[in-house]
Structure formats: C-alpha cells, structure tokens
Number of protein chains: 2
Amino acid sequence: MDVTGHTSFGGHGDPPQGPQKAASIRDVAAAAGVSYQTVSRVINGHPNVKEETRKRVDAAIQTLGFRRNATAFALASGVTRSVTVITSNTVLYGYAATLQGLEEASRAAGYALGVRVVTPEDDLDRTIAAAADTGGGVVVIGFDAIGAAALDRVPAHVPCAALVEAPRPGRTPSRPAVWADDREAARAATEHLLSLGHETVHYVAIPASTGTRRLAPRAEGWRQALEAAGVTPPPTSGKGWDAQAGYEAGKKLARNKDVTAILCGNDDLALGVLRALHHAGRRVPEDVSVIGFDDAPHSAFVTPSLTTVRMDFHGLGRAAFGLLRAQLDTDQQESAPVPAEPTLILRESSGPRDA
Amino acid sequence: MDVTGHTSFGGHGDPPQGPQKAASIRDVAAAAGVSYQTVSRVINGHPNVKEETRKRVDAAIQTLGFRRNATAFALASGVTRSVTVITSNTVLYGYAATLQGLEEASRAAGYALGVRVVTPEDDLDRTIAAAADTGGGVVVIGFDAIGAAALDRVPAHVPCAALVEAPRPGRTPSRPAVWADDREAARAATEHLLSLGHETVHYVAIPASTGTRRLAPRAEGWRQALEAAGVTPPPTSGKGWDAQAGYEAGKKLARNKDVTAILCGNDDLALGVLRALHHAGRRVPEDVSVIGFDDAPHSAFVTPSLTTVRMDFHGLGRAAFGLLRAQLDTDQQESAPVPAEPTLILRESSGPRDA
DNA sequence: GCGAGGATTGTGAGCGGTCACAACGTGGGC
DNA sequence: GCCCACGTTGTGACCGCTCACAATCCTCGC
C-alpha cells in the first residue's frame, strides 16, 4: 500500500538588492581613512596599532559588514585550516560516529571539514588529488579495503592522518594513524563466551581491510582465544557489513545444533543473525548467545538487547584529527586526545550455555 | 567487565624529500618554452592553441606533475564549485541518509562538499558566516528547530537551498527548498491502523522544527486522520529523537490498556516503544501495533520487524543539491531529480486489533 | 635640544591563477 | 602586391589578501 504523498519545491526568493559585492580590506581602509595594511593588522590582531585607529577600523568593518575573504587569505598566507575526510561510507554506524568525532574536533579547532566518499568505481587518484587540492590536510578512514587502498595512494607531500583497523607493519610511507585494539577486544569477548560454558564460538566476519593472508584483528582475537582454550576455530562466515549479510550467515549457523555462541564483526551483522535465529526457532540467549561489535545506538533497545563491544569511534575521530593537526600546525601544542578502550557491554543476548 | 584493550598511535612518516613546492603555471610555461597564458589556455581546453604547442605543454604538465591550484583558481575566477551542508546532526538515520544523497550528487557534479554541525551552544551567525566564507553555496538541513533557525539566518546574498519538514508559508526571504509530504504519509499510516480495527492511535512525536502553534506535519497528518474518523486525538508524548526517548514515552503508554496502536515520529522512537511494551508484557502486534517513520536500515531486522514509512532521504538530498546548483551554475540545465514519495512498508509490528 | 629606538603607518611585491587586450604571424580577396 | 581577418601567442592588470621593508611619528635619555 502506497501513501499518496508528493514532493514539492519551494519558489525562489527574489534577489532585490543588486549584486552588492562584498567589501574588501581596501574598501574598509578607504572608509576608515587608513591604508589597507592597517586594516590587515587590525583584523589579524597585530599589537602595534594605535587604539584610536583600531576603533575607527573596527567601526568601518562593522558598517561595511566586512568579512575577510577566506580564499584570498589562503592563497596569500598559504594557511588553509581545512581537513578533507576520505571514506567509503558515511552512514554505517562506525563510520558515521568517526565522522562525528572528526567534525567536532575540527570545528573546535576552527578547521573546515570536507567529505569525499570513495567507491570502487572511482578513480582513487583523482579523488585523492581533488581532496588534496583544497590545500588542507586529509584524514583517511581506512577501516575497509577501499579506504586502506586510498590511504596507500595519498601522495607523500600531502599532510595526512589515518584511522586503520590495526597498525600496518612495513607500510611505507607510513602515516600517523590511530586504531583501537580490536584484536584484544575480540579475544575478551570470545573468552567471555567460553567462560559461560560454550564449547566453541562461531564468528561472522566483517569484510577485511587487507587482501593479505593475515587475519583481520577481530578475527585474529577470536582465533587466539579459541586456540588458547584448545579449541579449533570453526570456519567463519559473513559477506558484508549489513544486517542482510548477517541474516544470510545466521541462517546457515542456525541449522547447526553445535552452534551455541556467535561473535559478530559488528552490530548490524549481529542483528541479522538474531533475526535468522529467531526465524529458525532458536532462542537467544537460551539456545544461542550472540555478541556484536561497535555498540550502535539501537543495540541496547532491540529485543533481546545486544551484548556488544563498545568502540570509541568518536574518540578515534578526535584523535585522528589531532594527529593531522600536529602536521598542519606545527606550533600547536595540544596533544591528540586518547580514545577510550573497547569495552564489553553485557546485555541480554549472551548467557550461559543451556540456560 | 572491561576488555583490557588499548589504543596506540603510529609513528610519523619521515619526510625525506624537501618541501618540493608544487609546480605553478609559470613553471610549466618555462619548461615548455611558452608563456603562462598559453599554459592557462591548455589546461582550460581553449580552442586556439596550436596542436604542437599543446602537446609540448601537456608533456611539461606531466613531467612536473602540475595540478592547478584550486585556491588561486577560485580567487581569480570567482568560481568555487563547493557546497557546505549545515546540519544539527550527522548520525541519526534521516540526517545521515540525506547527507549521503547530498554527497553523491555533489561528487557527481564535481563539487566539493563541506559539513558544519550547528549546536544550540554555537553562535549561528558565526557558523553560517564561516560556511559562506568558502565562497560556495550552502545547503541547510532544516528538519529540526536548530536547522530551521540556521536557515532563517543565512544572508540573502549567499546561494542557499534547504531541506525542510514542510513548506513554510510567509517566510522571507524564502529559499528554494525540498520536502516530503510527511503529513500525508502520517495520515495514511494512521488510517491504516484505524482500518485494522484500532479505535484510536497514539502518537509519539519527534521534536518540532518550529516554535509555532502549528503542528508538525507528521503530527498534523495523524490528527487529521483521527478527526476524519471522528476520533478525538489523544495527547501526544515524546521528548527527543532517540530510542531512549521512545522508551520513556512507551513506558507510560504501556500502562494504558486503551492503547492498542502507536505511531512514532521515527524508527528510533519506535524501537524504544517496542522495548517498553516488551518490558510491560504487552505483545506486538497482538496487543499493540507500532508504526515507525523513516525505514532505517535495521528496522527490517528487529523482532518484530517494524512497520514504517519509508522516506527517500537520499533523493531529498540529491534534489536539494540540484536546487542549489541551479543558483550557482546558472547555465546548468539538468533539473533536480524528484525524490520518491513516502511509502508505508508493512511488516510485523502492526496488525489487526485483538489478533 | 638632539639622536636613538620603538611604536605606528604606508608602500611594494607576490601568492597562482584569470581576464582583457595588444602583438605577432599567416592566408585569402581584391 | 596590399590590406584585413583570423589564428596564435604574449603582456599587463587584477582577484583580496599577506609578506617584507621603508617611512614616518613619537618619546625618552643625556
């Protein structure tokens, strides 16, 4: 059934007054009866300006509604104070929260924030060049394969910081980067499930950020915990980031009665798994325990509420900005804030075996 | 229980080669043995350049790795090709999806996209001025009170388009705007519930975007549907956008046995309501039907899956960009794409009264 | 009362592009 | 063979601001 809605467009506002070009520092200078350089001094807070002159200039600025032209400033001074975030996604919770942290930090520091999404179809180099052309710095969200590829292609001369899944040994040129200890968090989550009496833990993975044979951190932590307990890790599943992918993986796992505990690479996957288990008639947590990753806002409100690993994406974003700023603004002293550690949040979706 | 994780920082990459200033148009000119103006002609595809000269210049561009300085171009030409989105939020589904649509459209058109978040603490005028200072256009997401206030303060000379909850009659200067027919959608959703046999429908509202006495569109549609059916609208509840707010509202509604159908201002609220009903032992949809708004990605995967009104935020974002572009690039012909109409998506959370 | 030195102000140049226009060739029409 | 139009290229000024430096003013100490 369709709602018979429609979408409409508002009319254009009439532009009554003429083009009314913005006032320049020379206009202000003329109005105040000083040279343009004095105006420049005033707007930059230079100390050696006579109080009375400053007042006159300020008054002229007020009446003319002068605002310094950002473009001209950037060109003449070489200072840009802008950051462009390169990411493959802006909607998934982890990305959106990271972006939020980046935005807050950059706003607080007076930086302009730009966003450019990279897709597999895009020419990475073109996209990166476009981002670098703003003159400012670049922050790459390298949580996935596209992001990681983008990071590798940022030219050496472009100021850049990165958010990555894990430190990347041997990568050159290496860039300042932030990451959370996903491996340790996954290990702790897995150990928690084992401690509840589950004989093994199945893992539904998020897509890897690298093409290498090395396991992604979350998978690696899961594997380590199992092996430490003398359990052979079962095959992993998962072919995407979203709940649909989780549902597909969950359908298969639900058929296997040996599956009593499932760790998921993120909360969306976990949601899909929960749904598949429900369809298969397997109760959570009585029959199967499920743990997610990220602690998305809605995870506390689904039923059963989702046990998950809370990630400080927000803090990660702020830290990444700090790392970039350190390159852009070298006499900037504030060190980048350190993100909170991943934390296992216990809720209803996990419980003892055969509860 | 805490995961003993930690967060670490990567080392700085060594900057081996010198500053290596980017090549300018004059560097290219010298290398190719022509004047800077000829180089300018080549990079702008001017017709009257001898083929052989063009090749020589192109070669010099290649070897020097020249890229036209975007700042200088903007200053000299007055053309900016950039959009700044002003919004109060980037994470909530409706906002994030709108932002995504805006990003895609601007990327496709070769525009740079900036984002500035406005908060109640911010000086709106400063924030807007900062956005306008980029020289490009501004898109305001005016779904809420802060966004709507920001829209009203955009100076008349700044190119601007808006996304609003509903057309705002009598607003001057009015700006080109897009909106969806929320009122009609809410009416249809409410009628659907009534048609299922529910004697009344309760409404959990999202915060209003205006301070006026006029009801928000979703609330208005709900009210109209009830009145058309001869039902006096019960008091509304809701004090926020998120699931927690929905949970609070839901707790109260759950105590009232007359409540058998609840319409929610968005899916997050609905999730909270669902949770509260569950805690109160009221089954959905057997005892109570719940309908959300927006069709967030996870709404199809919660249990019970959520009946909701799908909104084309993505299309709305694209359309808003089109409206802005029409102002910025006047000889641009492509008309803005028209967003899809809101659609009621029937799922498990709604059903006949006393099923 | 005079020079040194700091405070205050103004001038020139340049950031890296664009625009306007002038200055060269060429060729065709008479 | 001359003139003019056109294709091709170069020069100057400028976008709005910053830098470097020079010029002016004032004040103080001796």
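Below, read A as the first sequence line, B as the second, and so on, with proteins coming before strands; counting in each chain starts at 1. All values reported here derive from a predicted model rather than from experimental measurement. Only heavy atoms go into these numbers, but all of them, side chains included; no hydrogens, no water, no symmetry mates.
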| query | In whole angstrom, what separates A:I61's CD1 from D:dC17's P? | reply | 10 Å
| request: Can you check whether any acceptor in the base of C:dT9 is under 3.5 Å from a donor in the side chain of A:R41, or vice versa? | output: yes
| task | For A:E51, look at atom CD and say whether over 12 heavy atoms of other residues, nucleotides or ligands are found less than 6.0 Å away. | result | yes
| remark: Whole-Å distance, B:E52 CD to C:dG25 P, equals 16 Å
| field | Separation of D:dG16 C1' from A:N44 CG (nearest whole Å) | value | 13 Å
| said: Can you identify which nucleotide, out of C:dG17, C:dT18, D:dT8, has its nearest atom closest to the B:F66 side chain? | reply: C:dG17
| request: Select base, sugar-phosphate, or nothing to describe what A:T71 touches, counting heavy atoms under 4.0 Å on all strands. | output: nothing
| Can you check whether B:Y95 and B:F313 have ring centres sitting under 6.0 Å from each other? | no
| Phosphate OP1/OP2 of C:dG10 contacted by A:T38 side-chain N/O (<4.0 Å) | yes
| request: Taking only the side-chain heavy atoms of B:N69 (C-beta and beyond), determine which of D:dT18, C:dT18, C:dG17 contains the nearest atom. | output: C:dG17
| request: Would you mind reading off the distance between A:R54 atom CZ and C:dA7 atom C1', rounded to a whole angstrom? | output: 13 Å
| query | How long is the line joining CD1 of A:I25 and C1' of C:dG10, in whole Å? | reply | 13 Å
| message | With nearest nucleotide decided by heavy atoms, which residue, B:R56 or A:S24, maps closer to the 5′ end of DNA chain D? | response | B:R56
| said: Is any side-chain heavy atom of A:S82 closer than 4.5 Å to one of A:L113? | reply: no
| task | Locate the shortest heavy-atom distance separating A:L316 from A:V178; write the atom from each residue and the value. | result | O-CG2, 3.8 Å
| query | Hey, is the side chain of B:R26 pairing donor to acceptor with the base of C:dG17 inside 3.5 Å? | reply | yes
| message | What contact category does B:N48 fall into here, base, sugar-phosphate, or nothing, at under 4.0 angstrom with non-hydrogen atoms? | response | base
| said: Between B:A72 and B:Q37, which residue's closest nucleotide on DNA chain C lies nearer the 5′ terminus? | reply: B:A72
| query | Between atom CG in B:D27 and atom C1' in C:dG16, what is the gap in whole Å? | reply | 10 Å
| Check: C:dG16 base within 3.5 Å donor-acceptor of B:R67 side chain | no
| task | Report yes or no: do A:Q37 and A:S35 form a side-chain donor-acceptor pair below 3.5 Å? | result | no
| Between B:S209 and B:E165, a side-chain donor and acceptor under 3.5 Å | yes
| message | Using OP1 and OP2 only, check whether a side-chain N or O of B:S35 sits under 4.0 Å from D:dG10. | response | yes
| Nearest-Å distance for atom pair NE2/P, residues A:H46 and D:dT18 | 12 Å
| note | Taking D:dC17, C:dT18, D:dT9 as options, the one with an atom nearest any side-chain atom of B:S40 is C:dT18
| query | Between C:dT9, D:dT8, C:dT11, which nucleotide has the shortest distance from any of its atoms to the side chain of B:K50? | reply | D:dT8
| note | Rounded to whole Å, CG of A:L75 lies from C1' of C:dC15 at a distance of 4 Å
| task | Return no unless some side-chain N or O of B:T53 is found under 4.0 Å from OP1 or OP2 of D:dT9. | result | yes
